[in-house]
**Student:** 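After the structure tokens below, expect a handful of questions from me.
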Amino acid sequence: IFIISFQVFPQKGFNPPKLEFQQLNDGLAGNIVNSVLQDHQGYVWVGTNNGLNRFDGTKFELFEHNKKDTTSLPTNRVIDIYEDKDLNLWISTNAGLVRFNRDNNNFERLSNREQGKISFDESNILCMIADNKKRLWLGTDKGLQKFNAKTGDIEHYAIKHLNTNVTDNAVFAINLDKKGRLWLGTQSGINLFYSEENKLVFPKDENGNSIGSWQVNDIYIDTNEDIW
């Protein structure tokens, strides 16, 4: 993993920013990085195929699966990391969802069927975001899921059933605009989901044309509510 720092100074002509690269290999669990997040405490969390790393600015701490410890990660493949407004740190893996317990430095597994915990579909959780009602929306390789952390209720949405023009259920990216609408990146392009109506549509431009049909892997909404 590399840390890139740069400064940009506005000028009349374009001058490329000065980039500084710092390579961080010592202590990193693997070379394949799936997700990176800096939490409210300043820690940088790095999800890899070989475990979860926490970087404090000096060194890495590794969290990994231990089959004898039910408070460890359920698997070493960490796909996404997300911190909600209540400062819950959520980690998605190819074996379910966990919540990090900062007091005990371990994990609460939310997909352990054997212990009667909250159960999710057997799917890879690829992305996630929380809405204003504190519901956690999960994009998986089998569709969209809505999770209520307080009640433990889970609702599954098959993308292909909501919009017959979508060719696959996988949701690769998810974001939320100021109107509470969910923007989903799928194999069939970008989709707009109205959660209160359970309605999924292809957004169109001012001329009524759909916005592409290629696979969308990430979605960014800037301060002007422009979608990238």
Side-chain angles (χ1 to χ4, degrees), residues 33-48 51-57 61-65 69-75 77-113 115-121 123-140 143-157 171-185 193-196 198 218-223 225 227:
V33 174
N34 300 316
S35 53
V36 179
L37 177 135
Q38 185 175 26
D39 68 15
H40 74 285
Q41 295 178 324
Y43 290 111
V44 176
W45 295 84
V46 183
T48 76
L52 178 66
N53 300 261
R54 182 173 64 184
F55 185 62
D56 63 4
E61 181 178 359
L62 174 63
F63 299 90
E64 54 188 344
H65 171 65
D69 183 4
T70 58
T71 65
S72 69
L73 289 172
T75 179
R77 185 165 183 249
V78 174
I79 301 174
D80 197 21
I81 310 165
Y82 177 73
E83 186 177 51
D84 63 26
K85 292 182 179 180
D86 291 331
L87 308 183
N88 292 304
L89 189 67
W90 303 93
I91 296 94
S92 71
T93 74
N94 62 331
L97 182 70
V98 297
R99 179 166 45 193
F100 183 64
N101 187 324
R102 289 187 171 91
D103 293 332
N104 299 323
N105 218 36
N106 59 19
F107 302 90
E108 176 189 0
R109 297 186 189 181
L110 302 176
S111 55
N112 192 330
R113 296 172 184 268
Q115 294 187 4
K117 299 275 186 176
I118 300 165
S119 62
F120 292 88
D121 288 349
S123 55
N124 293 321
I125 299 172
L126 307 176
C127 52
M128 49 190 161
I129 195 168
D131 63 18
N132 294 330
K133 296 182 179 180
K134 300 184 179 181
R135 300 173 299 187
L136 194 64
W137 293 89
L138 310 171
T140 80
L144 181 67
Q145 292 181 352
K146 179 176 66 176
F147 169 52
N148 187 320
K150 289 185 177 181
T151 65
D153 292 335
I154 301 169
E155 190 169 351
H156 180 77
Y157 302 86
V171 177
F172 301 103
I174 189 169
N175 212 327
L176 185 75
D177 65 20
K178 291 181 179 179
K179 296 180 180 179
R181 302 175 301 181
L182 288 169
W183 294 81
L184 309 179
F193 182 64
Y194 296 84
S195 59
E196 302 305 324
N198 289 345
D218 199 7
I219 300 172
Y220 176 74
I221 303 178
D222 64 24
T223 54
E225 287 289 281
I227 312 296

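Heavy-atom basis, side chains included; hydrogens, waters and symmetry copies ignored.
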**Student:** For Leu176, give me all partners under side-chain contact (heavy atoms from CB on, under 4.5 Å), at least two apart in sequence or on another chain.
**Tutor:** Ile129, Asp131, Leu182
**Student:** Under the 3.5 angstrom rule, does the side chain of Glu225 hit a backbone N or O of Lys178 as a donor-acceptor pair?
**Tutor:** yes
**Student:** For Tyr157, check ring-ring contact (aromatic ring centres under 6.0 Å, His included) against everything at least two apart and list the hits.
**Tutor:** Trp137, Phe193
**Student:** Identify, with sequence neighbours excluded, every residue that meets ring-ring contact (aromatic ring centres under 6.0 Å, His included) alongside Phe63.
**Tutor:** Trp45, Phe100, Phe107
**Student:** Whether the side chain of Arg54 engages the backbone of Tyr43 through a donor-acceptor N/O pair (distance < 3.5 Å, no angle test) should be reported.
**Tutor:** no
**Student:** Whether the side chain of His65 engages the backbone of Leu73 through a donor-acceptor N/O pair (distance < 3.5 Å, no angle test) should be reported.
**Tutor:** yes
**Student:** Are the side chain of Asp39 and the backbone N or O of Gln41 linked by a donor-acceptor pair below 3.5 Å?
**Tutor:** yes
**Student:** On a heavy-atom basis, which atom in Arg102 and which in Leu87 lie closest, and how many Å separate them?
**Tutor:** NH1-O, 2.6 Å
**Student:** Looking only at atom types and distance, does a side-chain atom of Asp84 sit under 3.5 Å from a main-chain N or O of Asp86, one as donor and one as acceptor?
**Tutor:** yes
**Student:** Going by heavy atoms in the side chains, are Ser195 and Lys146 under 4.5 Å from each other?
**Tutor:** no
**Student:** Taking atom CG of Asn132 as the centre, does the number of heavy atoms from other residues, nucleotides or ligands within less than 6.0 Å exceed 12?
**Tutor:** no
**Student:** Salt bridge (charged side-chain N to carboxylate O under 4.0 Å, His left out) for Lys133 and Glu196? Distances and angles first, verdict last.
**Tutor:** CA-CA 12 Å; Lys133 296 182 179 180; Glu196 302 305 324; 3.3 Å; yes
**Student:** Under the 3.5 angstrom rule, does the side chain of Asn101 hit a backbone N or O of Asn106 as a donor-acceptor pair?
**Tutor:** no
**Student:** I'd like to know if the side chain of Thr75 and the backbone of Asn94 have a donor-acceptor N/O pair within less than 3.5 Å.
**Tutor:** no
**Student:** Would you confirm whether Tyr82, through its side chain, and Ala130, through its main-chain N or O, come within 3.5 Å as a donor-acceptor pair?
**Tutor:** yes
